[in-house]
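Below: one structure, written as structure tokens.
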Amino acid sequence: MLTVSLCLGTLLPLVGGFQASADDTPVRLPVMPARLDADAACTSTSSQRATTVPWEQRSLQLTRTWPFSDGSGVTVAVVDTGVSTTAPALSGRVGAVGAAGQDCVGHGSFVAGLVAAATVDGVRFAGVAQRARILGVRGTDERGAATAQSVASGIKAATAAGADVITVSPALVQGSEGLTKAVEAALAKDVLVVAAAVPDPPTKSSAQDEEPTAREYWPAAQSGVLSVLDVDAQGQRPDDALLPRVADLAAPGDGVVGIGARGSGHFIGSGASFAAAYVAGAAALVRSAHPDLTAAETAARLTASAYPDDVPRLDPFAAVTEVAPESAARAEAPAPGAAVRLPEDEAALPVRRAVLFAAAGAALILLVTWAALTLPRARTRNWRPAGAPAADDSGGAGS
């Protein structure tokens, strides 16, 4: 079974969370907010560090993938609250558009860390593509509030700056013509756009009176955008979680560990924006290992190589290493509100493939056995394929 270092049973998702330390002592990590109130101070530095491997890294089997690709040569733009240019885990690999190098909220820096953080001082937390470059772009105001105009401006800026992959954290209930055109322009420049399928949950408790109804969120709902849904270590989502109409991929996003904008401490967070970050990191690995692939072919590879499920589950190792046709079809969209599940352990994919091979072998044996038993009987009854000449009673060919 997969060893889960994150103690989800003791998670306090609206207050704080625990992660095991090197000696298995639970460490409380502060929650990373998605936005701040107008009068709130900037997110402070975390004094806690998670020193064991987070469950999400184990689930994605990143240590198997890194020998084949590290994201070198790929730039991932993070359209969010900004990305701190001084974050130690991203040192030397962060560029920023305008004021995006300052991140008061910290959310964009957290997302960037999931994409590309390197290990620091022996801490085993790491991003997906540790050699990728990060481009910080504001898609919100300084407090984290986003509009269709602010997100569109962020996507435009990321495209103009030469990003290869863009991850968009805000998920808006309403799009705009400007947002649609910004995405279309990015796609036309061969940029892969990844977006959160639903908004991140609020940091403060806000129970819903009614069961959530599946709806579209933007820009994730736009054609050509890779839409990503969040799941926890058990492959589940809360009963009251927001639902998209469709989602292309599922990835870890509930109770995940990440960096802050300042210092070397860690935070914990939940939301589809973090799941999108993991997919953006995987896209960087694929584009680095297979630079001849277009953005659309990279998206197709990510979806075609994913663990099969109602919402296909991201598999970076398979996406990087499998030999797949460039014309792989985009994964079929799931039914609205369908259950999302993850494999129970790291061996799920090899076992599943072994079962398929065994089934194919069994089918071949049955076919050979059938032929051995049936064809002699067929000859005695003068059976022949359609169109074949009939034999005469003397054993010669018929005329």
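All figures in this text were calculated on a predicted structure; none of them were measured in a lab.
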(message) For Thr180, is there any backbone N or O sitting under 3.5 Å from a side-chain donor or acceptor partner on Gln222?
(response) yes
(message) If I take atom OG1 from residue Thr147 and atom CG from residue Leu179, how far apart are they, to the nearest 0.5 angstrom?
(response) 9.5 Å
(request) Not counting sequence neighbours, which residues clear side-chain contact (heavy atoms from CB on, under 4.5 Å) with Ser44? List them please. (result) none
(message) Please tell me whether Val31 and Leu114 are part of a single hydrophobic cluster in this structure, the criterion being side-chain heavy atoms less than 4.5 Å apart.
(response) yes
(message) Going by disulfide (SG to SG under 2.5 Å), name the pairs with one or both residues in residues 81-148, residues two or more places apart or in two chains.
(response) Cys42-Cys104
(message) Check whether Ser288 reaches the backbone of Leu285 with its side chain - one donor and one acceptor, N or O, closer than 3.5 Å.
(response) no
Please tabulate, for side-chain N and O atoms in residues 277-284, each donor-acceptor pair with protein atoms closer than 3.5 Å (sequence neighbours left out).
none

(request) Please identify each residue that fulfils ring-ring contact (aromatic ring centres under 6.0 Å, His included) with Tyr217, with sequence neighbours left out. (result) none
(request) Keeping to residues at least two apart or across chains, list the side chain to side chain donor-acceptor pair (under 3.5 Å) pairs with something in residues 74-96. (result) Asp80-His107, Asp80-Ser169, Thr81-Asp103, Ser84-Thr86
(message) Looking at Thr65, is its backbone amide N or carbonyl O close enough to the side chain of Ser69 to form a donor-acceptor pair, meaning the two atoms are under 3.5 Å apart?
(response) no
(request) Kindly say whether Ala129 contributes a backbone atom to a donor-acceptor pair with the side chain of Trp66 at under 3.5 angstrom? (result) no
(message) If I take atom CG from residue Leu243 and atom CZ from residue Arg237, how far apart are they, to the nearest 0.5 angstrom?
(response) 6.0 Å
(message) By the ring pair (Phe, Tyr, Trp, His ring centres under 6.0 Å) test, which pairs, at least two apart or in different chains, include something from residues 224-272?
(response) Phe125-His266
(message) Taking transitive links into account, so neighbours of neighbours count too, which hydrophobic residues share a cluster with Leu36 at under 4.5 Å side-chain distance?
(response) Val105
(message) Side-chain heavy atoms nearer than 4.5 Å, only ILVMFWY residues, links allowed to pass through others: does that put Val191 and Leu187 together?
(response) yes
(request) Determine yes or no for a side-chain-to-main-chain donor-acceptor pair under 3.5 angstrom, with Asp37 supplying the side chain and Ala40 the backbone. (result) no
(request) Using modelled atom types only, decide if a donor and an acceptor are shared between the side chain of Ser150 and the backbone of Ala146 within a distance under 3.5 Å. (result) no
(message) Under the criterion side chain to side chain contact (heavy atoms under 4.5 Å, CB included), I'd like the reasoning laid out for Val193 against Leu226: C-alpha separation, chi angles, the key distance, then a yes or no.
(response) CA-CA 6 Å; Val193 181; Leu226 202 55; over 6 Å; no
(message) Contact between Leu293 and Arg301 at the side-chain level, heavy atoms closer than 4.5 Å - yes or no?
(response) yes
(message) Nearest 0.5 Å, please: how far is CD in Gln48 from CG in Leu29?
(response) 7.0 Å
(request) Could you tell me whether the side chain of Ile268 reaches within less than 4.5 Å of the side chain of Pro30, counting heavy atoms only? (result) no
(message) With rounding to the nearest 0.5 angstrom, report the NE2 to OG1 distance, His290 to Thr298.
(response) 9.0 Å
(request) Examine distances only and state if a side-chain atom of Trp218 and a backbone atom of Pro170 form a donor-acceptor pair shorter than 3.5 Å. (result) no
(request) Report yes or no: does Asp248 contribute a side-chain atom to a donor-acceptor pair with the main-chain N or O of Ser227 at less than 3.5 Å? (result) yes
(request) Scan residues 162-179 for pairs that pass salt bridge (Lys or Arg N to Asp or Glu O under 4.0 Å), counting only residues two or more places apart or in two chains. (result) Glu177-Lys181
(message) What I'd like to find out is whether the side chain of Val165 reaches to under 4.5 Å of the side chain of Val194, using heavy atoms alone.
(response) yes
(request) Please report the closest heavy-atom contact between Ser270 and Asp254, naming both atoms and the distance. (result) OG-OD1, 2.8 Å
(message) Taking salt bridge (Lys or Arg N to Asp or Glu O under 4.0 Å) as the cut-off, I'd like each qualifying pair that reaches into residues 273-291, sequence neighbours left out, listed once.
(response) Asp190-Arg287
(request) Please round to the nearest 0.5 Å and tell me the distance separating atom CZ of Arg124 and atom OG1 of Thr63. (result) 9.0 Å
(message) Below 30° counts as parallel, above 60° as perpendicular, anything between as tilted: where do the rings of Phe110 and Phe274 land?
(response) tilted
(request) Kindly compute the distance separating OG1 (Thr321) from CZ (Phe68), expressed to the nearest 0.5 Å. (result) 6.0 Å
(request) Return yes if some donor-acceptor pair links the side-chain N/O of Gln102 with the main-chain N/O of Gly82 below 3.5 Å, else return no. (result) no
(request) Without swapping roles, check the side chain of Glu216 against the backbone of Val173 for a donor-acceptor pair under 3.5 Å. (result) no
(request) Indicate yes or no: at least one non-hydrogen side-chain atom of Leu192 is less than 4.5 angstrom from one of Ile166. (result) no
(message) I need the full list of ring pair (Phe, Tyr, Trp, His ring centres under 6.0 Å) pairs touching residues 150-198, with sequence neighbours left out, sorted by first then second residue.
(response) none
(request) Could you pull out all residues at least two apart from Ala272 that satisfy side-chain contact (heavy atoms from CB on, under 4.5 Å)? (result) Ala196, Val198, Asp230
(request) Output every pair passing salt bridge (Lys or Arg N to Asp or Glu O under 4.0 Å) with a member in residues 131-150, not counting sequence neighbours, ordered by first then second residue. (result) Asp70-Arg131
(message) With heavy-atom distances below 4.5 Å as the criterion, would you say the side chains of Val78 and Val137 are in contact?
(response) no
